[in-house]
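Inspection log for the structure reproduced underneath, given as structure tokens.
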Amino acid sequence: MELLIATNNKGKVKEIKEILKGLDMEVFSLADKGIDIDVEEDGKTFEENSMKKATEIFKIANCITVADDSGLEVDALGGAPGVYSARYAGEGASDEEKYTKLLNELKDVPDDKRTARFVSVVAVILPDGTRTTLRGECEGVITREPCGDGGFGYDPVFFVPQLNKTFSEVTLEEKNQISHRGKAFRMLREYLEKQI
Ligand code: ITT
């Protein structure tokens, strides 16, 4: 049985393939299948956007299709950038431009008010059309400077008290153990093991 990960983000693909290792399915990314589609994310929630991505790709995939919509909710910014995390510094901006903008926005925010969480919502559609979403979250604090060179996106500025490190300073396996995506995709694993 085949499972398609409907994302164009290479950082996500790496993490998801690691989490799904050992699942009795062949796991492919869009790039593995030569599919080049960018679904417009115009929903107001992670749930809406992830299901929209999964639905568009499912139409052409003909196999179990999963999509991840994720982002960073910063309490001092009322939950922003949230669903706009990928476009926070404009379309096509680099990861560095995005987290630099965030650090600037938070420059006057004291240490105890820099709390934030990563959210990942996975949408899954089974070949018979059954669909569901699963949500994982991970709490942390926004640093004052980027730290570390691993991971992707906002990882260098996301400090996890439980690890005493940013997500850029830990291995892929360590991040997956406690991350939003790790939680959501482990729920997906359990769901698929029951359904299939
Ligand atoms: P796809 O839609 O193709 O999956 P995307 O990068 O556009 O790729 P999203 O719309 O879900 O994905 O945007 C999520 C953004 O939130 C992502 O681009 C990162 O900037 C950030 N993000 C999500 N998960 C992250 C993580 O684990 N570490 C760091 N940043 C993350």
Side-chain angles (χ1 to χ4, degrees), residues 4-19 28-33 35-57 61 65-74 77 79-103 116-124 133-143 146-160 163 165-186:
L4 180 63
I5 314 167
T7 178
N8 291 307
N9 182 319
K10 293 194 187 86
K12 288 187 188 178
V13 171
K14 244 175 140 179
E15 292 182 7
I16 295 166
K17 282 192 172 172
E18 172 66 30
I19 302 162
F28 296 95
S29 68
L30 292 180
D32 294 335
K33 289 272 185 194
I35 301 173
D36 183 13
I37 298 183
D38 200 18
V39 179
E40 198 198 342
E41 295 172 36
D42 48 9
K44 290 201 168 47
T45 63
F46 295 111
E47 278 77 6
E48 268 180 74
N49 282 334
S50 62
M51 193 49 85
K52 184 173 179 199
K53 286 190 252 190
T55 303
E56 294 295 313
I57 305 296
T65 304
V66 301
D68 161 297
D69 197 59
S70 45
L72 182 63
E73 293 181 345
V74 178
L77 301 177
V83 291
Y84 302 106
S85 296
R87 290 160 286 159
Y88 184 50
E91 211 68 59
S94 66
D95 286 345
E96 190 177 347
E97 286 167 327
K98 284 184 268 196
Y99 66 66
T100 302
K101 176 171 176 179
L102 179 67
L103 293 180
R117 73 203 49 76
F118 270 127
V119 179
S120 160
V121 173
V122 182
V124 53
T133 56
L134 303 158
R135 173 184 274 247
E137 298 189 0
C138 178
E139 300 289 329
V141 175
I142 306 301
T143 58
C147 220
D149 51 19
F152 69 97
Y154 298 88
D155 282 345
V157 301
F158 190 79
F159 178 85
V160 186
L163 300 169
K165 286 178 183 157
T166 69
F167 265 166
S168 276
E169 298 177 291
V170 298
T171 63
L172 184 73
E173 289 78 10
E174 284 171 314
K175 180 179 172 187
N176 277 342
Q177 260 171 32
I178 65 158
S179 77
H180 48 311
R181 188 162 298 106
K183 288 174 188 157
F185 277 84
R186 276 192 295 277

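Whatever order the structure lists them in is the order used to number ligands and atoms, beginning at 1. Throughout, residue positions are numbered sequentially from 1 according to the sequence presented. Bear in mind the structure is a predicted one, so any value in this text is a computation, not a measurement.
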From the list Lys10, Lys183, Lys175, Arg186, salt bridge (charged side-chain N to carboxylate O under 4.0 Å, His left out) with Glu15 holds only for Lys175
With a 3.5 Å distance limit and no angle check, can you tell me whether Lys98 reaches the backbone of Tyr154 through a side-chain donor-acceptor pair? no
To the nearest 0.5 Å, what is the distance between OG1 (Thr65) and CD1 (Ile57)? 8.0 Å
Is Asp155 reaching over with its side chain to a backbone N or O of Thr166, donor-acceptor style, under 3.5 angstrom? no
In terms of heavy-atom contacts, does CD of Glu137 have more than 12 from other residues, nucleotides or ligands at under 6.0 Å? yes
Any idea how Phe118 and Phe158 line up, ring-wise: parallel (<30°), tilted (30 to 60°), or perpendicular (>60°)? tilted
So which residues, sorted by chain and number, lie with a heavy atom under 4.0 Å of ligand 1? Thr7, Asn8, Asn9, Lys12, Glu41, Lys53, Asp68, Asp69, Ser70, Gly71, Ser85, Ala86, Lys98, Phe118, Phe152, Gly153, Tyr154, Asp155, Lys175, His180, Arg181
